[in-house]
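These numbers come from a predicted model, not from an experiment. Throughout, protein chains are lettered first and strands after them, A, B, ... in sequence-line order, and every chain is numbered starting at 1.
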Amino acid sequence: AQKITQTQPGMFVQEKEAVTLDCTYDTSDPSYGLFWYKQPSSGEMIFLIYQGSYDQQNATEGRYSLNFQKARKSANLVISASQLGDSAMYFCAMREGITGTYKYIFGTGTRLKVLA
Amino acid sequence: DAGVTQSPTHLIKTRGQHVTLRCSPISGHKSVSWYQQVLGQGPQFIFQYYEKEERGRGNFPDRFSARQFPNYSSELNVNALLLGDSALYLCASSLLGWNTEAFFGQGTRLTVV
């Protein structure tokens with residue numbers, strides 16, 4: 001069954017430190033994409049980073065990197081040098097190729113609080 | 001370029017009423033999807049439209065319907081509103097494919113009283 005699991009409801013990190021947000025997924029489709037979104041209190045979902053199932057290297061986008069371990073079905077988000085503006089909800093999501101709808105399946109999210 | 005725009009941003013309705021939410025995708029994006037996000041949860045898929053055709057539907061009752069217009073904008077309609085329909089409704093536009101990111105609007109916060 002298609003599923004995204006985020007086991008950390010809330011996380012704290014000190015400003016300028018790195019933090020890892022966990023995400024595991026379940027799918028039988030060989031073609032899938034894994035995405036991380038940031039949702040501030042305003043509600044908009046902001047795209048952060050993408051990893052495709054066939055990608056050999058871990059994705060990086062500025063201070064964001066994705067630790068993709070295919071055999072373990074995990075796609076953890078690493079935020080380096082945390083900033084106060086990083087405080088938000090973070091969602092891991094998956095899109096599969098087999099369904100044809102390419103809908104997102106979201107996890108329950110992790111609320112990150114960056115401390116000054 | 002303008003991002004995904006949704007209207008209205010906030011809405012208060014009474015139980016039993018009908019509501020229409022609107023979404024304009026990013027220029028060049030032909031796929032529009034709708035998601036419902038109840039407080040404290042992740043977004044749940046409602047509909048996807050591509051080239052004015054429904055491509056997918058989530059596990060929502062028939063009170064929920066949607067359509068896509070020739071300019072690729074979209075409407076989500078909800079009839080006979082229930083208290084449980086109170087949520088943030090998000091619209092996402094994208095190119096078609098499992099390996100493309102979707103861009104979301106700021107959402108419509110619907111409160112049913």
One pair to check against side-chain contact (heavy atoms from CB on, under 4.5 Å): F106(A) and Q37(B). What are the steps and the verdict? CA-CA 10 Å; F106(A) 284 90; Q37(B) 186 178 19; over 6 Å; no
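- In this structure E101(B) satisfies the side chain to side chain donor-acceptor pair (under 3.5 Å) test with no other residue, sequence neighbours excluded.
- Interface remark: of the candidates Q6(B), Q48(B), Q44(B), Q48(B) forms the most heavy-atom pairs closer than 4.5 Å to chain A.
- Between Y50(A) and N99(B), the shortest heavy-atom contact is OH-CB, 3.0 Å.
- When side chains are defined from C-beta on, F104(B) does not count as touching F47(A), because their heavy atoms never get closer than 4.5 Å.
- Of the listed residues (S31(B), G97(B), G40(B), S33(B)), the one with the most heavy-atom contacts under 4.5 Å to chain A is G97(B).
- Neither the backbone nor the side chain of R57(B) has a heavy atom closer than 4.5 Å to any heavy atom of chain A.
- Taking both residues in full, the closest heavy atoms of P43(B) and M45(A) are given as CG-CE, 4.0 Å, listed atom of the first, atom of the second, then distance.
- For the pair I105(A)/F45(B), no side-chain contact is recorded, criterion being any heavy-atom separation below 4.5 Å from C-beta on.
- In terms of hydrophobic clustering, with Ile, Leu, Val, Met, Phe, Trp and Tyr side chains grouped at heavy-atom distances under 4.5 Å, V78(A) and Y64(A) are assigned to different clusters.
- Both the backbone and the side chain of A102(B) come within less than 4.5 Å of a heavy atom in chain A.
- More than 12 heavy atoms of other residues, nucleotides or ligands shown are found within 6.0 angstrom of CZ on F69(B).
- Residues of residues 107-116 of chain A that come within less than 4.5 angstrom of chain B, heavy atom to heavy atom, are G107(A), T108(A) in numerical order.
- V78(B) and L83(B) fall within the same hydrophobic cluster, where Ile, Leu, Val, Met, Phe, Trp and Tyr residues are linked whenever their side-chain heavy atoms come under 4.5 Å apart, directly or through other members.
- Below 4.5 Å, heavy atoms of chain B meet heavy atoms from G33(A), F35(A), Y37(A), Q39(A), S41(A), S42(A), all part of residues 33-42 of chain A.
- At a threshold of 4.5 Å between side-chain heavy atoms, the hydrophobic network of Ile, Leu, Val, Met, Phe, Trp and Tyr places Y104(A) and Y25(A) in two separate groups.
- Other residues, nucleotides and ligands place more than 12 heavy atoms under 6.0 Å from the CG atom of N71(B).
- Clustering ILVMFWY residues whenever any of their side-chain heavy atoms sit less than 4.5 angstrom apart, transitively, puts F103(B) in a cluster other than the one holding Y72(B).
- When hydrophobic clusters are built by joining Ile, Leu, Val, Met, Phe, Trp and Tyr residues whose side-chain heavy atoms come closer than 4.5 Å, directly or via intermediates, L76(B) is grouped together with F60(B).
- Proximity of S53(A) to W98(B): side-chain heavy atoms (C-beta onward) are separated by under 4.5 Å at one or more points.
- With a 4.5 Å cut-off on non-hydrogen atoms, F47(B) does not touch chain A at all.
- Of all residues spanning residues 79-95 of chain A, those with a heavy atom less than 4.5 Å away from chain B's heavy atoms are F91(A), R95(A), arranged by number.
- For K16(A), the NZ atom sits in a loose shell: 12 or fewer heavy atoms of surrounding residues, nucleotides or ligands are nearer than 6.0 Å.
- Residue R15(B) places its CZ atom among 12 or fewer non-hydrogen atoms of other residues, nucleotides or ligands, all under 6.0 Å distant.
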